[in-house]
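As a basis for the values below, the full set of heavy atoms in this structure was taken, side chains included, without hydrogen atoms, waters or symmetry mates. This structure is a prediction, so every number in the text was calculated from the model and none was measured.
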Amino acid sequence: MGKGGKNLKAALQSQQSRLKAKQKLSHAAQVAEQRSQKNAKQQYTKGGAGASSTPGPTNNSNSKGKAKATPAPPPRRTTIPFRPTDTILLIGEGNFSFARALVCDPPPGLQDLPPRNLTATAYDREDECYEKYADSREIVAGLRQRGVQVLFGVDATRLERTAPLKARRWDRVVWNFPHAGKGINDQDRNILSNQVLILGFLRSVSKVLSLGPIPSFTTPKKRKSSEDDDDEEELVEEPMLVETEEGEHFEFIVPENIVKTRGTVLITLRNVVPYTLWDVPRLAKKPPPTTGSTPSNPRYTLLRSFGFNRSVYKGYEHRMTKGTRAHGTGTTGDGGEDRSWEFCLQDANLDEE
């Protein structure tokens, strides 16, 4: 590793140390809060036990109160970060089941997404992909039959140098669960290898994002009209209420068809250690300096983050970089939630394009 690589490694390791210290403090605060809540609950239980030991009308009243029906939980809110007019580039697709979910059985609001608007890529060669993922051959055949462009051997850190992608730009570039896949057992070195991968991707993807104004995302709400206004109320990203076949209720937040905006990058990871230690938002917003022949990384703006609900994308099955796991005995990623972060380039970086 040259001098530039050593400086980058030192910067990333320093960043890791700061993040670990921050997480330790956060964990300590959570433990203290849990203890406080536990003590308060115990005191309440003791008081409640004393009150319930005395028979009388009050007990009957309490029993009636407990018998009241529990209100149904509110529908789960999930964000669909695509419009049917978007051009979408998928990175590191694995078995291509996410691409299939977008065009074959799309979530609400994407029924009119033209398959030709979707480009799905994989890092593996085509024969390697079919060998790794038993269902990928059939999925790819179905996608191509519908008109989806499927590409193999695409390096996420060299997108602008990939022949079929040259001179093209996309509204959304998506990488679900990126991983270097190097099988490094040492956690710090593993984190470093994945941070270098993410930085390379963010550097390359800046060349293929659509140009335009910064996207604006609003909280779903209904604007109130004045009493003298006879027009209908204006809806701003009104949630779509949907019940799935499994009986789950969702509020789908789907962007409205507004003016074409700047292209965005969506990175999804499990929001749990070790993935949180990659510190993707910081890598995007404040990348470490580079030296030597390595170009400096562009700076991004974090537009929003939201829970990624796999069940919304019917038929989607996350596949590991090494291929289909035979016995599924690993525990990495247990707990936490899947979360997506959405970024766009800052204005200063657009001037450099």
Side-chain angles (χ1 to χ4, degrees), residues 81-94 96 98-100 102-103 106 110 112-126 128-129 140-141 143-176 178 196-215 255 257-268 280 283-284 287 290 292-303 340-353:
F82 310 108
R83 304 189 193 111
T85 56
D86 284 342
T87 53
I88 304 170
L89 174 62
L90 304 181
I91 305 297
E93 261 298 87
F96 292 90
F98 188 73
R100 177 182 61 184
L102 291 181
V103 298
L110 288 187
D112 296 327
L113 175 70
R116 66 178 179 276
N117 280 21
L118 184 64
T119 300
T121 72
Y123 178 73
D124 299 313
R125 297 194 311 270
E126 188 163 358
E128 290 176 333
C129 179
V140 168
L143 290 172
R144 284 174 166 165
Q145 186 175 9
R146 286 175 175 264
V148 175
Q149 183 180 30
V150 179
L151 302 174
F152 294 91
V154 176
D155 186 339
T157 66
R158 299 169 65 87
L159 298 174
E160 75 283 9
R161 299 183 184 182
T162 303
L165 306 182
K166 282 184 177 181
R168 298 174 62 187
R169 292 180 180 270
W170 284 266
D171 301 316
R172 304 285 176 267
V173 181
V174 183
W175 198 354
N176 292 326
V196 170
L197 174 67
I198 295 297
L199 286 170
F201 166 63
L202 292 173
R203 192 161 51 242
S204 177
V205 75
S206 67
K207 309 295 184 182
V208 300
L209 292 172
S210 297
L211 304 177
I214 295 177
N257 288 319
I258 56 176
V259 64
K260 188 176 179 66
T261 58
R262 189 170 305 177
T264 65
V265 181
L266 289 133
I267 298 177
T268 300
V280 169
L283 293 180
T290 59
S293 60
T294 304
S296 60
N297 260 68
R299 289 176 177 261
Y300 289 81
T301 295
L302 175 60
L303 297 170
S340 297
W341 286 266
E342 187 166 8
F343 307 93
C344 76
L345 282 168
Q346 296 183 8
D347 288 332
N349 297 115
L350 290 176
D351 296 337
E352 299 172 3
E353 292 294 324

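For N297 (side chain) and L199 (main-chain N/O), a donor-acceptor pair under 3.5 Å exists by modelled atom type. Between the side chain of N176 and the backbone N or O of T268, no donor-acceptor pair lies under 3.5 Å. Proximity of a side-chain donor or acceptor of R100 to a complementary backbone N or O of F96 within less than 3.5 Å is not detected. A donor-acceptor pair under 3.5 Å is formed between the side chain of T87 and the backbone N or O of D171. In this structure, the side chain of T264 does not engage the main chain of E342 through any donor-acceptor pair within 3.5 Å. Judged by distance alone, with hydrogens and angles left aside, the side-chain atoms of Y300 form no donor-acceptor pair with the main-chain N or O of V265 at under 3.5 Å.
Residues L113 and P106 have side chains not in contact (no heavy-atom distance under 4.5 Å, counting atoms from C-beta outward). Contact annotation: the side chain of I91 approaches that of L159 to within less than 4.5 Å [non-hydrogen atoms, C-beta and beyond]. Using a 4.5 Å heavy-atom threshold, the side chains of W175 and L197 count as touching. You'll find the side chain of I267 reaches within 4.5 Å of the side chain of F201, heavy atoms only. Contact check for W170 versus R168: side-chain heavy atoms found under the 4.5 Å cut-off. Between N117 and D86, every side-chain heavy-atom pair lies at or beyond the 4.5 Å cut-off. L165 has its side chain within reach of T119: a pair of non-hydrogen atoms, C-beta onward, lies under 4.5 Å apart. Within the 4.5 Å cutoff, no side-chain heavy atoms of S340 are placed close to those of P81.
A distance of 9.0 Å separates CG in L89 from CD in Q149, rounded to the nearest 0.5 Å. Distance check: L266 CG to R172 CZ gives 7.0 Å after rounding to the nearest 0.5 Å. In this structure, R116 CZ and R146 CZ are separated by 14.0 Å, a value rounded to the nearest 0.5 Å. The structure places OG1 of T301 at 10.0 Å from CZ of F343, a figure rounded to the nearest 0.5 Å. Atom OG in S204 sits 3.5 Å away from atom CD in E160 (nearest 0.5 Å). Put simply, CD on E93 and CG on D124 are 12.0 Å apart, with the number rounded to the nearest 0.5 Å.
Across P213 and K260, no two heavy atoms sit closer than the pair CD-O, 3.5 Å. Considering every non-hydrogen atom in both G212 and R262, the closest pair reads O-NE, 2.9 Å. Closest of all the heavy-atom pairs between R144 and E126 is NH1-OE2, 3.2 Å. Closest approach of T290 and T294 over heavy atoms only: OG1-O, 3.2 Å. Heavy-atom minimum distance, P164 versus L151: CB-CD1, 3.8 Å. Scanning all heavy atoms of the two residues, the minimum distance from P215 to C344 falls at CD-SG, 4.2 Å.
For F98, the ring pair (Phe, Tyr, Trp, His ring centres under 6.0 Å) partners are Y313, Y316, not counting sequence neighbours.
Counting non-hydrogen atoms of other residues, nucleotides and ligands closer than 6.0 Å to OH of Y123 gives a total of 12 or fewer.
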